[in-house]
2 protein chains.
Amino acid sequence: MKNSFSDIYSLLQELAWHFGDHGINGECCEDLSLVEFMALKAAHENDNFSIQDIGNSINFTKSGATRIIDRLETKGYVKRERSLTDGRVCCVPVTDKGAQVISQIIKKNTNYVEELLQDLDPQAIDNIKTAMEILIKSVHRQDIIKSKSQ
Amino acid sequence: MKNSFSDIYSLLQELAWHFGDHGINGECCEDLSLVEFMALKAAHENDNFSIQDIGNSINFTKSGATRIIDRLETKGYVKRERSLTDGRVCCVPVTDKGAQVISQIIKKNTNYVEELLQDLDPQAIDNIKTAMEILIKSVHRQDIIKSKSQ
DNA sequence: ATTTATTGGTTGACGTCTTCAACTATACTT
DNA sequence: AAGTATAGTTGAAGACGTCAACCAATAAAT
């Protein structure tokens with residue numbers, strides 16, 4: 001049993017490497033780094049997210065977040081807009097171009113996953129999906145526990 | 001079906017982020033970055049691996065690999081030794097201290113995974129393991145296909 | 001056997017990236 | 001109105017990875 005956990009860790013580790021910043025042939029996210037993609041996705045999925053919110057969601061300092069947003073803005077993927085309700089905070093709406101690049105990245109990587117798994121039978125694919133959903137759910141639960149204990 | 005692949009990609013992405021360089025509370029690998037840990041592990045698992053071999057195994061240039069080995073050597077985790085059969089190549093044996101830190105990192109992260117999954121019943125855990133093994137196998141098969149076509 | 005080409009590794013220069021600390025501007029408190 | 005707290009920006013600094021030039025050692029060619 002103990003052994004299972006160790007196996008699972010090592011599998012997770014390898015997966016994380018493969019699908020991380022250096023993986024998928026080093027071509028993670030079009031002209032974005034993984035970090036930038038995560039930030040862009042955070043901005044896209046959460047309306048009225050501030051720059052610090054984005055930073056927190058990807059474990060960066062606020063100045064790190066500022067820099068990431070700088071790069072995304074230079075590339076035309078986000079805009080900076082002062083919040084109407086609080087003049088200090090910057091909202092970071094995603095531009096059309098930004099939304100496009102997100103869906104392009106998702107599409108490309110979905111295709112890669114499809115290529116990877118196409119020879120498996122549907123049942124096996126479904127098992128993989130279910131297993132990973134359970135895994136993610138556990139991760140989220142743990143996150144909540146951690147954040148409460150702090 | 002198509003939809004399944006997209007779900008699996010998005011789950012993989014999230015897992016990769018969680019278990020990647022910024023994940024597990026940003027404390028991936030004791031005093032090592034994920035990259036350094038991967039390099040150290042490569043040196044540990046493959047006897048007589050050269051510096052370039054290590055670089056290739058983690059998608060780095062040879063000069064990048066030199067720098068990583070520099071850092072690992074400074075920390076006392078590897079040594080540099082000229083190969084006896086070819087005076088150009090450097091073998092990179094892992095020191096006792098290096099082996100220790102590897103097993104420490106594995107132990108710690110295994111514990112984390114255990115914490116994460118302990119409430120699941122054994123069957124579910126086994127399903128997760130099996131699913132991820134299939135996934136990894138698919139990744140490896142794809143790697144072989146890619147490397148042959150080049 | 002000597003010359004030439006190739007290969008493994010290192011190094012300096014460079015660009016990128018993230019953080020820290022100091023700063024500005026806006027909002028909240030009393 | 002004054003003082004405090006908060007969001008965001010910026011300059012300086014350090015860590016990292018690559019490129020190109022380089023050295024040393026081996027392999028190939030003549």
Side-chain angles (χ1 to χ4, degrees), chain A residues 17 20-23 25-40 42-43 46-75 77-93, chain B residues 17 20-23 25-40 42-43 46-75 77-93:
Chain A
W17 183 257
D21 215 355
H22 303 267
N25 323 344
E27 288 164 14
C28 147
C29 310
E30 304 293 320
D31 63 343
L32 297 177
S33 70
L34 181 57
V35 164
E36 286 159 1
F37 176 60
M38 293 299 289
L40 183 58
N46 303 280
D47 244 18
N48 289 329
F49 238 30
S50 71
I51 288 184
Q52 282 199 66
D53 289 335
I54 292 173
N56 289 336
S57 76
I58 57 175
N59 270 318
F60 271 63
T61 62
K62 62 179 180 172
S63 91
T66 292
R67 257 86 205 230
I68 293 170
I69 300 302
D70 284 345
R71 296 188 317 258
L72 290 174
E73 196 176 20
T74 303
K75 289 176 179 162
Y77 296 154
V78 301
K79 274 181 306 186
R80 257 179 249 247
E81 274 175 12
R82 288 285 162 186
S83 163
L84 298 174
T85 58
D86 184 337
R88 292 168 301 180
V89 336
C90 264
C91 296
V92 190
Chain B
W17 183 256
D21 215 358
H22 303 267
N25 322 344
E27 288 163 14
C28 146
C29 310
E30 305 293 321
D31 64 343
L32 297 177
S33 69
L34 181 56
V35 163
E36 286 159 359
F37 176 61
M38 293 300 287
L40 183 57
N46 303 278
D47 247 17
N48 289 327
F49 236 32
S50 71
I51 289 185
Q52 281 199 65
D53 289 336
I54 293 173
N56 289 334
S57 77
I58 57 174
N59 270 318
F60 272 63
T61 63
K62 60 179 182 173
S63 92
T66 292
R67 257 80 205 233
I68 293 171
I69 300 302
D70 285 345
R71 271 145 36 210
L72 290 175
E73 197 176 19
T74 303
K75 289 177 178 161
Y77 296 153
V78 299
K79 275 181 308 188
R80 259 178 247 246
E81 274 176 11
R82 287 283 160 189
S83 164
L84 298 173
T85 59
D86 185 337
R88 290 169 299 183
V89 335
C90 265
C91 295
V92 190

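Convention: sequence-line order gives letters A, B, ...; per-chain numbering from 1.
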Distance from B/Ser63 atom OG to B/Gln52 atom CD, nearest 0.5 Å?
->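 Output value for this atom pair is 10.5 Å.
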When rounded to the nearest 0.5 angstrom, what distance separates CZ in B/Arg67 from OG1 in B/Thr61?
-> 9.0 Å
From [atom1] of [X] over to [atom2] of [N], roughly how many Å is that when rounded to an integer?
{"X": "A/Glu73", "N": "D/dT10", "atom1": "CD", "atom2": "P", "result": "11 Å"}
{"X": "B/Ile54", "N": "C/dT10", "atom1": "CD1", "atom2": "P", "result": "11 Å"}
{"X": "A/Arg82", "N": "D/dT6", "atom1": "CZ", "atom2": "P", "result": "17 Å"}
{"X": "A/Gln52", "N": "D/dG8", "atom1": "CD", "atom2": "C1'", "result": "7 Å"}

Should the heavy atoms of other residues, nucleotides or ligands under 6.0 Å from NZ of A/Lys75 be counted, would the total exceed 12?
-> yes
Heavy-atom check, side chain of [X] versus side chain of [Y], under 4.5 Å:
{"X": "A/His22", "Y": "B/Leu34", "result": "no"}
{"X": "B/Leu40", "Y": "B/Ile54", "result": "no"}
{"X": "B/Glu36", "Y": "B/Asp31", "result": "no"}

According to a strict under-4.0 Å criterion, is A/Ser50 in side-chain N/O contact with OP1 or OP2 of D/dA7?
-> no
Could you walk me through whether B/Arg80 and B/Glu73 pass the salt bridge (Lys or Arg N to Asp or Glu O under 4.0 Å) test, one step at a time?
-> CA-CA 8 Å; B/Arg80 259 178 247 246; B/Glu73 197 176 19; 2.9 Å; yes
Heavy-atom contacts, protein to nucleotides 14-19 of chain C, under 4.0 Å, summarised as B (base), S (sugar-phosphate only) or - (none) per nt, yield ---SBB
Sugar-phosphate atoms are those with a prime plus P, OP1 and OP2; base atoms are the rest. Using that split, label each nucleotide of nucleotides 24-30 of chain C B, S or - for protein heavy atoms under 4.0 Å, 5' to 3'.
-> --BS---
Only one of B/Asn48, B/Asn46, B/Val78 passes side-chain contact (heavy atoms from CB on, under 4.5 Å) with B/Val92, and that residue is B/Val78
